[in-house]
Amino acid sequence: MKNVEGYSKKVRTPGEKTGLGPGALVFVGKPRPEAVRVDVIHYDEGRLVELYDVSAEECANLVAQKGVTWINVTGIHDVELIGKLGKCLGLHPLTTEDVVNTAQRPKVEEFPDYIFIVLKMIYLGQRTDETDTEHLSLILGSNFVVLFQEKEGDVFDGVRERIRSAKGRIRSMGADYLAYALIDSVVDHYFLFVEHFGDVIEDLDDRIIEDPKPEDLALLHKIKQNIIKIRKVVWPLREEIRVLEKGESPLIRSDTRVFLRDVSDHIMQIVEMIETFRDLISGLHDLYLSNVSNRMNEIMKVLTLIATVFMPITFIAGIYGMNFEYMPELKWRWGYFAVLAVMLLVVLAMIGFFRKKKWL
Amino acid sequence: MKNVEGYSKKVRTPGEKTGLGPGALVFVGKPRPEAVRVDVIHYDEGRLVELYDVSAEECANLVAQKGVTWINVTGIHDVELIGKLGKCLGLHPLTTEDVVNTAQRPKVEEFPDYIFIVLKMIYLGQRTDETDTEHLSLILGSNFVVLFQEKEGDVFDGVRERIRSAKGRIRSMGADYLAYALIDSVVDHYFLFVEHFGDVIEDLDDRIIEDPKPEDLALLHKIKQNIIKIRKVVWPLREEIRVLEKGESPLIRSDTRVFLRDVSDHIMQIVEMIETFRDLISGLHDLYLSNVSNRMNEIMKVLTLIATVFMPITFIAGIYGMNFEYMPELKWRWGYFAVLAVMLLVVLAMIGFFRKKKWL
Amino acid sequence: MKNVEGYSKKVRTPGEKTGLGPGALVFVGKPRPEAVRVDVIHYDEGRLVELYDVSAEECANLVAQKGVTWINVTGIHDVELIGKLGKCLGLHPLTTEDVVNTAQRPKVEEFPDYIFIVLKMIYLGQRTDETDTEHLSLILGSNFVVLFQEKEGDVFDGVRERIRSAKGRIRSMGADYLAYALIDSVVDHYFLFVEHFGDVIEDLDDRIIEDPKPEDLALLHKIKQNIIKIRKVVWPLREEIRVLEKGESPLIRSDTRVFLRDVSDHIMQIVEMIETFRDLISGLHDLYLSNVSNRMNEIMKVLTLIATVFMPITFIAGIYGMNFEYMPELKWRWGYFAVLAVMLLVVLAMIGFFRKKKWL
Amino acid sequence: MKNVEGYSKKVRTPGEKTGLGPGALVFVGKPRPEAVRVDVIHYDEGRLVELYDVSAEECANLVAQKGVTWINVTGIHDVELIGKLGKCLGLHPLTTEDVVNTAQRPKVEEFPDYIFIVLKMIYLGQRTDETDTEHLSLILGSNFVVLFQEKEGDVFDGVRERIRSAKGRIRSMGADYLAYALIDSVVDHYFLFVEHFGDVIEDLDDRIIEDPKPEDLALLHKIKQNIIKIRKVVWPLREEIRVLEKGESPLIRSDTRVFLRDVSDHIMQIVEMIETFRDLISGLHDLYLSNVSNRMNEIMKVLTLIATVFMPITFIAGIYGMNFEYMPELKWRWGYFAVLAVMLLVVLAMIGFFRKKKWL
Amino acid sequence: MKNVEGYSKKVRTPGEKTGLGPGALVFVGKPRPEAVRVDVIHYDEGRLVELYDVSAEECANLVAQKGVTWINVTGIHDVELIGKLGKCLGLHPLTTEDVVNTAQRPKVEEFPDYIFIVLKMIYLGQRTDETDTEHLSLILGSNFVVLFQEKEGDVFDGVRERIRSAKGRIRSMGADYLAYALIDSVVDHYFLFVEHFGDVIEDLDDRIIEDPKPEDLALLHKIKQNIIKIRKVVWPLREEIRVLEKGESPLIRSDTRVFLRDVSDHIMQIVEMIETFRDLISGLHDLYLSNVSNRMNEIMKVLTLIATVFMPITFIAGIYGMNFEYMPELKWRWGYFAVLAVMLLVVLAMIGFFRKKKWL
Ligand SMILES: [Mg+2]
Ligand SMILES: [Mg+2]
Ligand SMILES: [Mg+2]
Ligand SMILES: [Mg+2]
Ligand SMILES: [Mg+2]
Ligand SMILES: [Mg+2]
Ligand SMILES: [Mg+2]
Ligand SMILES: [Mg+2]
Ligand SMILES: [Mg+2]
Ligand SMILES: [Mg+2]
Ligand SMILES: [Mg+2]
Ligand SMILES: [Mg+2]
Ligand SMILES: [Mg+2]
Ligand SMILES: [Mg+2]
Ligand SMILES: [Mg+2]
Ligand SMILES: [Mg+2]
Ligand SMILES: [Mg+2]
Ligand SMILES: [Mg+2]
Ligand SMILES: [Mg+2]
Ligand SMILES: [Mg+2]
Ligand SMILES: [Mg+2]
Ligand SMILES: [Mg+2]
Ligand SMILES: [Mg+2]
Ligand SMILES: [Mg+2]
Ligand SMILES: [Mg+2]
Ligand SMILES: [Mg+2]
Ligand SMILES: [Mg+2]
Ligand SMILES: [Mg+2]
Ligand SMILES: [Mg+2]
Ligand SMILES: [Mg+2]
Ligand SMILES: [Mg+2]
């Protein structure tokens, strides 16, 4: 709780940890002003206890009792607190190191006593092209789940509601099902994100087909970058959750595995949507460029037509604008009209040439 | 049957399910006005019963009797009915959730008592570039098949005919063969779709080689998007059906496996055709762009030729159009004709230059 | 033999089979006017019998005798005959269905009593960019080979010659070796095809480097499409023949496997050549476009040079072509020559500018 | 120590070793003037000895004693010394050959008595687009680690500090943990490098969106080449370190394996970042080109607009600049103003045309 | 030795073998005028015999004796001799067929009594963009190696030297080590080739960044084709040599396997270099095209600037060059100077417009 006051706004990167030993507890990310808070929900089929601002020792106590304990940590910038909690719950230093490293990629790691899962939450920003990610770490022990959240606010109110109201099967199942329910909430939330970009791409498609504008290109570029971002977040989960589902860890009961398969299926769906977006975006980019080429061609045709028609006749006019003393045509009675007629012929010939070339 | 009147036209998306627990029965898709209908065909080698508008309990009764039961559900927007049917037949809540989720990707999942298969039917729309998909869910139990269809109308009349007329081996084989026959009908129908696009691509090829037009590009873009769509529908089946064929599920007898291999082979054929289309479309796009470049070059050559020929001689005409008092050439007897001769020389020189550059 | 007269020229596609049951005997392809013909060569080390226009029952008789029987069927559009032959030889309906389906992709399938191999023969058309394929189906039983050919004419005269003259080891080996010899003949023939396209690509390379023409682009496009076509024919064989070679089918003796490895190696070589062609073609396409860009640049330089040089001096001439009453320069004795000198300076300055920009 | 004086600056390449036998000790790389130095840190939980400029025989002596021995060799251009050291420690000639070959790719090789690991250190140069690599070879024996460094200076001061101060678990663990700590230091250092390029790419993105310049393209090209370079260094490690972690070598104790998994995870993170960079760079390149196309279009529009507006009216002016004796319009009272009005109409018509085409 | 005189220069291709049986001994490649020569080196740790122009029978005799026999065949166009040698040494007809087929791809095949390895030697031609390949076939028996070389001259003098001088371990090891030494010599030689192209690409990079020329593009194209060529030669070795190293053939002793791993590592290094070259070349191609686009843009800007500035003022001059009788401005005292001033204003306005567009 120390770094609440006087916290620096500097974002820290993994590179700054160079030279430190493994398990060095260094917060990587943008420090936040709020104090880190530990809340606990402890339940079994008949009982439910909710506690706020719990100390590390109390957490360990609750875990030692029968029933499922969900330790929810909001904020990970107080490395001392995280370290103490990790020690009380028997976490490997490499685990706590990753918990406070917001740059850590999504992964699943099995330790002898627990499974460690790193996830990213994605929030839509205010502008279409902005996204915000939150680092989540989930520890699944035999009868407890610790969830470390980087920031205030989450997508787990549905889970809390189901626990409180004893709705569904959550109260009668173990910590593994709770972990599943949390992961499922995160993955379900990805759909909102992916559907949003699907809509934006569809809109862009209409616009680019009808009347491509440079702004569309910039938006396309932004979307492409966001797709790359979410891909980086979702892709590693694909294999890892499947390993969990097919694995042999005693921490995951067999009736929970079918639910993990469901999450796995959702992740596959999101991955397929992202891949489809990549294809669509690349197709839109090609279409944009082709349309620009088409327009350029049309513009050049007009320019060439104008130049080709007017240059010759302007030249003819120039001829008879010369001031030579002896230019017999100038004296002819119908000279002027003859020249106009010649000009008309030239114009018609040029237009005929263009027709033949199918440029008109 | 409740949501027939007053049904909303809003299409619901998976993202709206965020926060709900697993197995939450929420219809995802475009609600339809018709009532959901359950029809049953119950048969064995000697007997055939067809029932219409059957209740969930009657379905369970029929399934309990000897013989194969095909429960065909048309419409999946009445989640209450689907849920009740699922409960009567012992389906996992995650299964019924996916049944009413039209955004669910194709997949095969083995449960202890049944195999759950999600497929998509594709229909050609009225315009070349429109396609329509229908969400199909197939449950294969030991002696029954439940087929959930999103919409009225299907491609299974051939199967019904064979059952009714006892043609072929279908009446003498089990539920697994019925499931195969249904999957096979769906996959066979993909050929119509793929062949149609093959024809469209072939036509486009001829047009783009001869005389590429911007409309062709737009059509190419639409086809590309449709190919991406059908790819998404067919691709996941590839591995899944193969797993079914090679798998060890007791629900699939060995003499049905050879038929599954046949479906698997058809899917591979469609996948290969789609991949070929991607190559062909990409080649056509390149060709279109190259042709546009070639035309641009030709246009620019004409423009340059005209400008290069007429600018110098127009300049010469301009010289002798100046009004200086003392310009000796203007007085010369043959000045005018000399200038015309000079202009001719300039034109010939320019044309010679172009010939040398091979631009003419 | 019925559909000889009054045969329709319509090409039938797999899509038209939609709704039919598995094993439905429907000819897919372009029907041919000739009657379907069944010829048989029956041999062992000491004996050789050749029979023409053999009936299905006679075939079954021959197969029941000692020695190797090669049943060669020319034409597959008489589905009744094919069906009868299949029944006599104990073929699965799915096999005969694929035999008469010219759209069937190449594959290898093991059945309990025989191995079913689908191949495509490729012939070069008269024009460089035309290819023709023939659907071949090969059934390898314990002591017989049935070869179904779509069209008259084949590449197996070498094999027939070796059987007749008892040259090489073919007479002393089993049906598996005969099957190998036939596959090998087909694959060897692919080389002709691939080598032809290699030559065409090499020619194109020279032409595009020296003087790229739009026709080269069209030819490149045609070759690309042909490469896609042959790739589709050869690629599936790659894995399938390897499976046959490494497999455990009792129908293939171990001393034949080393020959299958040789075919497998040839297929790999063809696959590698095709992949190389794809790279070369893509490189040529890039080169073509780059060359077109280069030329465009050169043309634009000439246009810009001309315009930049003549526009300013034409403007100057225009100035002194104005008819103002009071224009002092017009009266000057050396005005005309001064203006010519100024024009010369402008031209030199422009050329200097172009030199600096390295455009000249 | 011989090649200190009179060392040649010529960089030697692997190709120069052609014709030599395997294990030929030839230094490949840029020779350095400094003498090669061997320093040793020998420690166990209670004891710590640091020795400088140790001979090969002393090294072997120390290794024979209890405790962990870290032999650090700075400089690998004295092949005699390296060879002698290799012989004393029982290294295979192929190992010492690779130690002195700075062109050797990263790899992990298991020998009966030791594991041989080749790594590359990457340093940022002074300019954004410059990188410098150092060849590192690490030998992990049962109780010793030999680290061969190509150049002075390294990234292992953190490790040395932890050994000296007995901080962390390093003093209580074996040679395998020391090897891990060294590899981890190298990999941690890659983050600095990768983060730097991430920043540069982000800057470029802003610049190219706003106002793309040819210099940006050159920088993009340089970054692309650096990314290719680092990819070559990191990519091979991915699989190799994973093999080490999952392998069964008795040289790596099970409590070290979890640390190797951590390094493996870091490498995956770097690999994913590099892949993301490739995508981003390719997107930026496309954006640059599209922007250039857009600008070209805009320029062409202006040119066409100007030419299309002024060519026709200049032609009209040219008509009435002709000197024909009989041109009735010239005598008209309002001829001049009528012509001006006609010109105005032409200009308005042209602008209307452009509006219709949406070019204005 | 027969085809020395009167040998035809026609290059024969694999396609010409169509119709021949397996094992048909037909030379594929460009026939050479020299006689085929068989030389033998027979050695063990204590003894060394070198024989020239040895007959097939003598070869078989030597192989039957103790010690290692290296049979080196220079020239493979005398199929009779090769066939006889093959028969004497017990080679499978398919092996000898591949020996005389210079179009055969690199591969490794295990036969019961020997291992058959096909390699390609690559020589640099005189011009940067020319390469020459030589077909090498290596037979590794239990105590002999046969090396078939297509052409005079090889890269094995280092190996011969080591055998003669008994340097290194070669005399004390078996035929497997000799085979390794020969393969290693070939692979080592690839480095020369690859390093050469690395240098050429580096040069091109500098040139294209500074001042791209069409010749650079042609060179880039040539290099790309050479890279495709060497890739085809090296790529198949990658997997095959690894199979040899990891395999269980009794012909390869375990202490030779570590050397094969070294070759395998060299091949990986070359493969990685080639892949890097592909990336670099593709980057250079993109850079070239982008630079050409940039230049085009610059040229178009100049053209547009000139046209936009001079067209309006030339038009104004044209106005006052008209010969209307009643044009009041012409009579004004300061009309001429007023018009010049207007022209100046137009020029300034245009330049201002260009500045605003950032085109100047
Ligand atoms: Mg560290
Ligand atoms: Mg770490
Ligand atoms: Mg949060
Ligand atoms: Mg979910
Ligand atoms: Mg969509
Ligand atoms: Mg689901
Ligand atoms: Mg949910
Ligand atoms: Mg769900
Ligand atoms: Mg339906
Ligand atoms: Mg079918
Ligand atoms: Mg086609
Ligand atoms: Mg079939
Ligand atoms: Mg491109
Ligand atoms: Mg069918
Ligand atoms: Mg079928
Ligand atoms: Mg035929
Ligand atoms: Mg062959
Ligand atoms: Mg070639
Ligand atoms: Mg062969
Ligand atoms: Mg060597
Ligand atoms: Mg070596
Ligand atoms: Mg160093
Ligand atoms: Mg680390
Ligand atoms: Mg970033
Ligand atoms: Mg970590
Ligand atoms: Mg042959
Ligand atoms: Mg052969
Ligand atoms: Mg040679
Ligand atoms: Mg080597
Ligand atoms: Mg390099
Ligand atoms: Mg080595």
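Worth saying up front: this structure is predicted, and the values here are computed from it rather than measured. Per chain, numbering begins at 1; letters A, B, ... match sequence-line order.
For A:Ile209, the part sitting under 4.5 Å from any heavy atom of chain B is the side chain, from C-beta outward, and nothing else. Using a 4.5 Å cut-off between heavy atoms, A:Ala307 contacts chain B through both its backbone and its side chain. In this structure, the portions of B:Ile313 lying under 4.5 Å from any heavy atom of chain A include both its backbone and its side chain. Contact annotation for A:Val194: neither backbone nor side-chain heavy atoms come within less than 4.5 Å of a heavy atom of chain B. Looking at B:Ala24, neither its backbone nor its side chain comes within 4.5 Å of chain A, counting heavy atoms on both sides. Using a 4.5 Å cut-off between heavy atoms, A:Glu195 touches chain B through its side chain atoms alone. Contacts between B:Phe315 and chain A at a heavy-atom distance below 4.5 Å are absent for every atom of the residue. Of the atoms belonging to B:Leu289, it is side-chain heavy atoms, and not backbone ones, that fall under 4.5 Å from chain A. B:Pro93 touches chain A through its side chain: at least one heavy atom from C-beta onward sits under 4.5 Å away, while N, CA, C and O do not. With a 4.5 Å cut-off on non-hydrogen atoms, A:Phe353 touches chain B through its side chain but not through its backbone. Within the 4.5 angstrom heavy-atom criterion, only side-chain atoms of A:Glu329, from C-beta onward, approach chain B.
Evaluated for a salt bridge (charged side-chain N to carboxylate O under 4.0 Å, His left out) with A:Asp279, the options B:Arg278, B:Lys232, B:Lys224 yield exactly one hit, B:Arg278.
Distance CD1/B:Ile319 to CG/A:Asn323: 12.0 Å, rounded to 0.5 Å. The distance from atom CG of B:Asp98 to atom CG of A:Asp262, rounded to the nearest 0.5 Å, is 5.5 Å. B:Ile299 CD1 to A:Asn297 CG: the interatomic distance, rounded to the nearest 0.5 Å, is 5.0 Å. Taken to the nearest 0.5 Å, the CE atom of B:Met296 stands 6.0 Å off from the CE atom of A:Met300. To the nearest 0.5 Å, atoms CG (A:Asn291) and CG (B:Leu217) are separated by 6.0 Å.
Of all the listed residues (B:Lys107, B:His92, B:Glu109, B:Met322), the one sharing the greatest number of non-hydrogen pairs under 4.5 Å with chain A is B:Glu109.
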(message) Using the rule given for side chain to side chain contact (heavy atoms under 4.5 Å, CB included), can you reason through A:Arg261 versus B:Leu94, listing the C-alpha separation, both sets of side-chain angles and the distance that settles it, and then say yes or no?
(response) CA-CA 10 Å; A:Arg261 181 171 66 180; B:Leu94 289 173; over 6 Å; no
(message) Using the rule given for side chain to side chain contact (heavy atoms under 4.5 Å, CB included), can you reason through A:Leu287 versus B:Leu220, listing the C-alpha separation, both sets of side-chain angles and the distance that settles it, and then say yes or no?
(response) CA-CA 10 Å; A:Leu287 186 68; B:Leu220 208 58; over 6 Å; no
(request) Apply the test side chain to side chain contact (heavy atoms under 4.5 Å, CB included) to residues A:Lys357 and B:Glu298: give CA-CA distance (whole Å), side-chain angles for both, the deciding distance (0.1 Å), then the verdict. (result) CA-CA 10 Å; A:Lys357 289 269 184 187; B:Glu298 221 185 322; 2.7 Å; yes
(message) One pair to check against side chain to side chain contact (heavy atoms under 4.5 Å, CB included): A:Val155 and B:Thr18. What are the steps and the verdict?
(response) CA-CA 9 Å; A:Val155 296; B:Thr18 307; 5.6 Å; no
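In this structure, B:Arg333 fails the cation-pi test against A:Phe324, since its NZ or CZ atom is not both closer than 6.0 Å to the six-membered ring centre and inside 45 degrees of the ring normal.
Summarising the geometry of A:Leu192 relative to B:Gly15, their closest heavy-atom pair is CD2-O, 3.6 Å, with the distance given to 0.1 Å. Counting all heavy atoms, side chain and backbone alike, B:Pro22 lies closest to A:Tyr180 at CB-OH, 2.8 Å.
Put simply, the side chain of B:Val309 does not reach to within 4.5 Å of the side chain of A:Met311, judged on heavy atoms. By the 4.5 Å heavy-atom criterion applied to side chains, B:Pro236 and A:Glu272 are counted as neighbours. Side-chain contact between A:Met327 and B:Tyr320: absent, with no pair of heavy atoms (C-beta onward) separated by less than 4.5 Å. When side chains are defined from C-beta on, B:Tyr288 counts as touching A:Asn294, because their heavy atoms get closer than 4.5 Å. Contact check for B:Ile306 versus A:Met350: side-chain heavy atoms found under the 4.5 Å cut-off. Within the 4.5 Å cutoff, the side chain of A:Leu284 has heavy atoms near those of the B:His221 side chain. Within the 4.5 Å cutoff, no side-chain heavy atoms of A:Phe191 are placed close to those of B:Thr13. Considering only heavy atoms from C-beta on, A:Leu280 comes within 4.5 Å of B:Gln225 through its side chain.
Aromatic pair B:Tyr336/A:Tyr326: centroids not less than 6.0 angstrom apart.
A salt bridge links B:Arg105 with A:Asp265: the distance from a Lys NZ or Arg NE/NH1/NH2 to an Asp or Glu carboxylate oxygen falls below 4.0 Å.
Residues of residues 338-349 of chain B that come within less than 4.5 angstrom of chain A, heavy atom to heavy atom, are B:Val339, B:Leu340, B:Met343 in numerical order.
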Residues 165-173 of chain A side chain polar contacts: donor-acceptor under 3.5 Å, at least two apart:
residue	atom	partner	partner atom	Å
A:Ser165	OG	A:Glu161	O	2.8
A:Ser165	OG	A:Lys167	N	3.4
A:Arg169	NH1	A:Tyr177	OH	3.2
A:Arg171	NE	A:Asp44	O	2.9
A:Arg171	NH1	A:Ile163	O	2.7
A:Ser172	OG	A:Arg169	O	2.9

